[in-house]
Number of protein chains: 2
Amino acid sequence: MTLPYAFPMKTQRESTPARSRPLRADAERTVTAILEAAERTLSRDPAATMEQIAEAAGVARTTVHRRFATREALIDALAGWATERFAAAVDAAHPDTAPPLVALYQTTANVLGVKVSWGFAMSQASSVNPEVARVHSGVRDTCERLFRRAQEAGVLRADIDIPWTRRVYYALIHEAAQNRNEQDTATLATLVVDTLLRGAGTPHPDRL
Amino acid sequence: MTLPYAFPMKTQRESTPARSRPLRADAERTVTAILEAAERTLSRDPAATMEQIAEAAGVARTTVHRRFATREALIDALAGWATERFAAAVDAAHPDTAPPLVALYQTTANVLGVKVSWGFAMSQASSVNPEVARVHSGVRDTCERLFRRAQEAGVLRADIDIPWTRRVYYALIHEAAQNRNEQDTATLATLVVDTLLRGAGTPHPDRL
DNA sequence: ACGACTTGCAACACAGATGATGCAAGTAGC
DNA sequence: GCTACTTGCATCATCTGTGTTGCAAGTCGT
């Protein structure tokens with residue numbers, strides 16, 4: 001049994017997808033097709049079978065098993081694949097250096113771009129794979145650092161609970177990502193950030 | 001095969017749990033134990049087996065099958081059981097008659113009470129059971145009516161998108177319900193409503 | 001105390017999914 | 001064009017979960 005596409009190999013020191021040796025171009029395309037089909041299929045039904053995934057990818061089920069030894073290995077690779085993009089999306093927004101509000105918008109937009117396409121894969125944060133968990137945990141820290149900077153800059157209130165706010169932020173992104181309908185990520189990001197910062201209430205409500 | 005505990009029977013006109021005839025007291029307790037164990041078990045792992053549920057309930061798997069013909073019937077009954085409480089919780093808050101802000105707090109607190117205990121069951125809104133779907137859809141309408149009243153009363157901004165705001169509200173309740181840790185529903189409701197109305201931003205931020 | 005009901009246990013049938021293998025046909029890359 | 005790689009197909013073994021049944025032991029309600 002060769003294991004040509006296993007995401008973070010335990011024997012590897014970094015998160016780059018590793019395989020025993022380079023795949024031929026056609027096999028490479030097949031692997032990609034399988035991962036994309038897996039995302040599409042599993043986001044609709046997380047309990048979808050290998051057969052359904054194979055069909056969606058346009059290959060035979062045995063081919064899927066040739067590339068991913070087990071179902072778990074496939075999902076693991078999928079989670080890794082998306083986690084790489086996730087980390088890159090966050091990184092590209094310079095969340096630790098850009099002005100807080102700019103960083104918030106940019107990070108949101110970038111993450112939404114990944115989340116819309118890789119929703120299922122990104123939901124596998126509590127993966128068996130320690131590398132995936134590590135990246136998600138790292139992003140969580142980055143997010144909370146950004147929120148603290150936003151507090152210091154007076155963008156976020158001083159009295160908010162940061163872990164709670166982060167969870168709300170994640171939930172907003174999740175909800176926005178369901179709106180795949182036509183909306184571009186910039187519009188969705190505006191909606192998310194606006195909702196997070198201003199809420200839905202009036203500035204000075206006549207109570208009751 | 002008798003089907004002693006099937007939630008909303010198609011031949012019944014209302015949502016009251018119906019069974020062919022009353023169960024003996026011990027059997028009644030068993031049914032309750034199974035439903036509670038199912039909630040506990042499935043909220044941890046939605047793919048949990050009947051065996052695991054039976055074990056959690058302290059009964060044999062065959063007993064579970066005696067009370068619920070199929071796995072689907074069990075989940076359906078669970079969804080119905082929780083949906084009854086959900087509808088009652090919303091109703092008790094007088095969402096259509098109390099002042100908007102009062103109704104919002106009270107509904108939130110009541111729903112959180114149910115959601116904390118019946119999180120999995122309440123996530124089965126898109127149940128095969130049309131009665132369950134009808135109740136959830138009704139609550140959704142009630143919620144949006146309340147939001148419109150809140151707008152008219154100046155509690156919610158006039159420019160918000162109501163469906164989006166409702167989804168955000170649901171997401172906040174969901175997140176808050178994860179905080180089972182010690183917090184009472186009144187505190188959590190305050191947090192949810194406060195976050196929904198005010199967001200996390202400062203009233204007049206020095207932009208950037 | 002009696003009868004009806006309920007439960008646990010052992011056993012079975014069955015369906016569906018996973019994973020492996022050998023072979024023949026086709027394709028990429030040198 | 002040659003070789004190594006890749007794929008589809010047919011097939012098989014295995015496992016797990018679901019749902020059923022019969023029976024013996026125990027319990028509820030009257």
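Each chain gets a letter, A, B and so on, in the order its sequence line appears, and its residues count up from 1.
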Contacts of B:Gln151 that satisfy side-chain contact (heavy atoms from CB on, under 4.5 Å) - sequence neighbours left out: B:Arg148, B:Leu156, B:Ile160, B:Ile162

Between D:dG19 (P) and B:Glu51 (CD): distance, integer Å: 13 Å

Contact list (N/O, under 3.5 angstrom) for nucleotides 28-30 of chain D vs protein:
unit_1: D:dC28; atom_1: O4'; unit_2: B:Arg24; atom_2: NH2; d: 3.4

With sequence neighbours excluded, residues passing side-chain contact (heavy atoms from CB on, under 4.5 Å) with B:Glu55: none

Value in whole Å for how far the P atom of C:dG29 lies from CD of A:Glu28: 11 Å

Euclidean distance, atom CZ of residue A:Arg67 to atom P of C:dG19 [Å, nearest integer]: 16 Å

Could you give the side-chain donor-acceptor pairs of residues 185-194 of chain A under 3.5 Å, partners two or more places apart or in another chain?
unit_1: A:Thr187; atom_1: OG1; unit_2: A:Asp184; atom_2: OD1; d: 2.6
unit_1: A:Thr190; atom_1: OG1; unit_2: A:Ala186; atom_2: O; d: 3.0
unit_1: A:Asp194; atom_1: OD1; unit_2: A:Arg198; atom_2: NH1; d: 3.3
unit_1: A:Asp194; atom_1: OD2; unit_2: A:Arg198; atom_2: NH1; d: 3.3

Non-neighbouring partners of A:Asp45 that pass salt bridge (Lys or Arg N to Asp or Glu O under 4.0 Å), sequence neighbours left out: none

Atom-to-atom span, CZ of B:Arg71 to P of D:dG19 - whole angstrom: 9 Å

side-chain contact (heavy atoms from CB on, under 4.5 Å) against A:Asp26, all qualifying residues, sequence neighbours excluded: A:Arg24, A:Arg29

Atom-to-atom span, CD1 of A:Ile75 to P of C:dA17 - whole angstrom: 14 Å

All salt bridge (Lys or Arg N to Asp or Glu O under 4.0 Å) counterparts of B:Glu175, not counting sequence neighbours: A:Arg167

Short side-chain N/O contact from B:Thr63 to OP1 or OP2 of C:dT7, under 4.0 Å: no

Under the salt bridge (Lys or Arg N to Asp or Glu O under 4.0 Å) test, residues paired with B:Arg140 that sit two or more places apart: none

Between the first and last five pairs of the helix from C:dA1-D:dT30 to C:dC30-D:dG1, the angle of the axes, rounded to 10 degrees: 50°

Length of the line joining B:Leu74:CG and D:dG19:C1', which is rounded to integer Å: 14 Å

Residues forming a side-chain contact (heavy atoms from CB on, under 4.5 Å) with A:His174, sequence neighbours excluded: A:Lys115, A:Gln178

For A:Ala98 against A:Arg149, the heavy-atom pair lying closest together: O-NH2, 2.7 Å

Sequence-distant partners of A:Arg145, salt bridge (Lys or Arg N to Asp or Glu O under 4.0 Å), two or more places apart: A:Asp96

Pair of N/O donor and acceptor under 3.5 Å linking D:dG8 base with A:Arg66 side chain: yes

Closest approach of A:Ala73 to A:Phe68 (non-hydrogen atoms, all atoms of both residues): O-CD2, 4.2 Å

Residue-level proximity of residues 52-62 of chain B to DNA chain C when a heavy atom falls under 4.0 Å: B:Gly58, B:Val59, B:Ala60, B:Thr62

Nucleotide C:dA13, atom C1' - distance to NE2 of B:His65 in whole Å: 14 Å

